[in-house]
2 protein chains.
Amino acid sequence: MTTIVVADDHKIVREGLVKLLEGRPDFTVIGEASDGEEAVQMVLDKQPDVVIMDIWMPRLSGIDATRRIGKRGSQAKILVLSMHESRTYVEEVLRAGASGYIVKNSASTDLLQAIDAVRGGASYLSPAITQQVVDAIARPGDSSPSGVAMLTDREREVLQLIAEGLSSKEIANMLGVSLKTVDSHRSNLMEKLDIHKVSGLVRFAIRAGLVEP
Amino acid sequence: MTTIVVADDHKIVREGLVKLLEGRPDFTVIGEASDGEEAVQMVLDKQPDVVIMDIWMPRLSGIDATRRIGKRGSQAKILVLSMHESRTYVEEVLRAGASGYIVKNSASTDLLQAIDAVRGGASYLSPAITQQVVDAIARPGDSSPSGVAMLTDREREVLQLIAEGLSSKEIANMLGVSLKTVDSHRSNLMEKLDIHKVSGLVRFAIRAGLVEP
DNA sequence: CCGGGAATGGGGGATTCGCCCGAATTGAGG
DNA sequence: CCTCAATTCGGGCGAATCCCCCATTCCCGG
């Protein structure tokens with residue numbers, strides 16, 4: 001028996017995934033989350049065997065959620081679901097602690113196969129991206145994917161929320177911290193990225209895969 | 001004999017195009033422009049038969065430049081060159097008055113063929129995107145390209161420059177108008193699009209194809 | 001010929017941003 | 001144990017943004 005949590009901001013996608021998973025009697029979906037924060041809470045609460053995590057999510061990206069879950073000591077295996085095949089995402093995701101990366105183009109049988117793989121402690125990467133990962137390993141020198149790696153978890157979160165259009169005050173309320181703290185993070189990440197305008201931050205966040213265009 | 005103006009912000013691309021065009025003795029490149037403003041001036045000045053126009057350009061996008069050239073009564077046929085194959089761009093471009101749309105992936109023979117076509121008063125669309133245009137025509141109901149159509153030329157320019165990271169003051173200097181005028185345009189376009197944050201404007205401009213991510 | 005949209009310009013004010021200065025706490029790692 | 005990075009929070013200030021109000025000029029279409 002394998003217990004599963006599904007995290008995706010699109011309800012229809014979630015429902016479709018659940019339907020797919022119901023095809024396997026030994027799979028049980030024990031929870032659904034519609035954003036990163038909710039996913040983290042749910043995983044820590046219900047301790048599933050596997051988490052199917054969308055990479056794009058409001059409030060907290062799938063990458064950050066993955067990072068947090070790992071940091072809190074959960075044993076849940078995380079399988080990241082993405083519509084993109086570019087190398088930068090894959091590296092970020094794996095560095096964040098995910099066990100698998102599967103593109104949304106994959107066949108449903110691939111998804112089931114991927115779940116079995118990560119459940120058993122193995123890794124799973126979609127065929128479409130394995131080659132790119134191999135390429136990345138082949139030349140580890142240029143490991144500056146886009147600059148996101150320079151940022152801390154909190155800074156990445158703040159950057160994402162800025163790019164989503166929230167003001168510092170709104171971000172402060174959402175994260176439950178002071179306006180001044182958000183302002184510090186904003187200053188620090190601007191310094192690190194050497195981008196000093198909102199417009200530049202938004203474009204960077206899009207390129208880095210933190211928000212949708 | 002066909003006279004041609006080439007407009008592209010990348011020097012190497014321009015030079016490559018010129019080399020390609022030199023293969024045809026009946027083609028003469030009579031000018032090169034590195035941005036939209038320069039392209040408009042040059043076309044009005046030299047009255048070429050055909051303009052090869054990149055869709056991405058600083059100061060003034062290829063779409064806006066096309067729209068202006070048509071408005072000034074020039075008889076030049078405009079062939080838009082783009083690296084993107086998505087439908088929204090094509091619609092915008094054709095609505096702006098271009099005679100052709102060719103993707104940068106095309107073979108050089110296709111480019112020459114396209115020039116001949118527009119020179120003769122015909123239209124040319126890259127094979128890769130014709131199907132998408134047919135689809136768009138098949139269901140004319142959803143003719144809400146993205147909202148850019150609601151904006152005036154000037155507003156689109158200002159939006160592009162905002163998304164490129166310029167402040168209102170810098171935009172005013174670049175366009176040679178008052179800060180207050182830019183501020184007016186900014187307010188008006190935000191009202192029209194119902195987007196009241198810089199981050200939202202940047203994402204919109206990227207989706208609309210005005211700036212690169 | 002006249003209305004209206006577009007572009008131009010201006011005053012003023014509330015709010016936010018960007019950056020300067022500072023400091024306390026916490027936790028991971030040498 | 002001690003250090004350092006991360007995170008938290010504050011005060012203040014100049015600049016920029018955003019949103020009102022307003023006017024003039026020009027040009028296009030009815």
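To find a chain, count down the sequence lines: A is the first, B the second, and so on, and within it residues start at 1. Excluded from the calculations below are hydrogen atoms, water molecules and symmetry mates; all remaining heavy atoms, backbone and side chain alike, are included.
In this entry the distance linking CG of B/Leu189 with P of D/dT17 reads 13 Å, nearest Å. Between the P atom of C/dC17 and the CG atom of A/Leu161 lies a distance of 13 Å, rounded to the nearest Å. Residue B/Leu175 contributes atom CG, which lies 18 Å from atom P of C/dA6 at whole-angstrom precision. As a whole-Å value, the separation of A/Lys197 NZ from C/dG18 C1' is 10 Å. In this structure, A/Ile171 places its CD1 atom 11 Å from P of C/dG18, rounding to the nearest Å. Atom CG of B/Leu201 and atom P of D/dT17 are 12 Å apart (whole Å). If you take CG of B/Leu179 and C1' of D/dT17, they are 10 Å apart, rounded to a whole angstrom. If you measure from atom CZ of B/Arg154 to atom P of C/dA7, you get 8 Å, rounded to the nearest angstrom.
Contacts of A/Ser178 with the nucleic acid, taken as non-hydrogen atoms under 4.0 Å apart, involve only primed sugar atoms and P, OP1 or OP2.
Once rounded to the nearest 0.5 Å, the distance linking OG of B/Ser61 with CG of B/Asp35 reads 11.0 Å. For the atom pair CZ (A/Arg203) and CD1 (B/Ile206), the distance works out to 6.5 Å, reported to the nearest 0.5 Å.
Two residues are said to be in side-chain contact when any heavy atoms from C-beta on lie closer than 4.5 Å; B/Asp116 and B/Phe27 meet this criterion. At least one side-chain heavy atom of B/Val177 sits under 4.5 Å from a side-chain heavy atom of B/Arg154.
The one candidate from A/Asp8, A/Val5, A/Ile69, A/Ile63 that meets the side chain to side chain contact (heavy atoms under 4.5 Å, CB included) condition with A/Met53 is A/Ile69.
Note on B/Asp64 versus B/Arg67: salt bridge recorded, some NZ/NE/NH1/NH2 to OD/OE distance being below 4.0 Å.
Remark: B/Ser168 is in phosphate contact with D/dT17, judged by side-chain N or O atoms under 4.0 Å from OP1 or OP2. Checking the phosphate oxygens (OP1, OP2) of D/dA16, no side-chain nitrogen or oxygen of B/Arg186 falls inside 4.0 Å. In this structure, B/His185 does not reach the C/dA6 phosphate: none of its side-chain N or O atoms is under 4.0 Å from OP1 or OP2.
The residue among A/Thr181 and A/Lys192 whose nearest nucleotide of DNA chain D lies closer to the 5′ end is A/Lys192. Take the nearest nucleotide of DNA chain D for A/Asn188 and for B/Ser167: the residue whose nucleotide is more 5' is A/Asn188.
Listed nucleotides: C/dC17, D/dT8, C/dT8. Nearest to the side chain of A/Val177: D/dT8.
Contact record, B/Val80 with B/Ala98: CG2-CB, 3.8 Å, taken as the closest heavy-atom pair.
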Mind listing the N/O atom pairs, protein and nucleotides 19-21 of chain C, below 3.5 Å?
{"residue": "C/dC19", "atom": "OP1", "partner": "A/His196", "partner atom": "ND1", "Å": "3.0"}
{"residue": "C/dC19", "atom": "N4", "partner": "A/Asp183", "partner atom": "OD2", "Å": "2.7"}

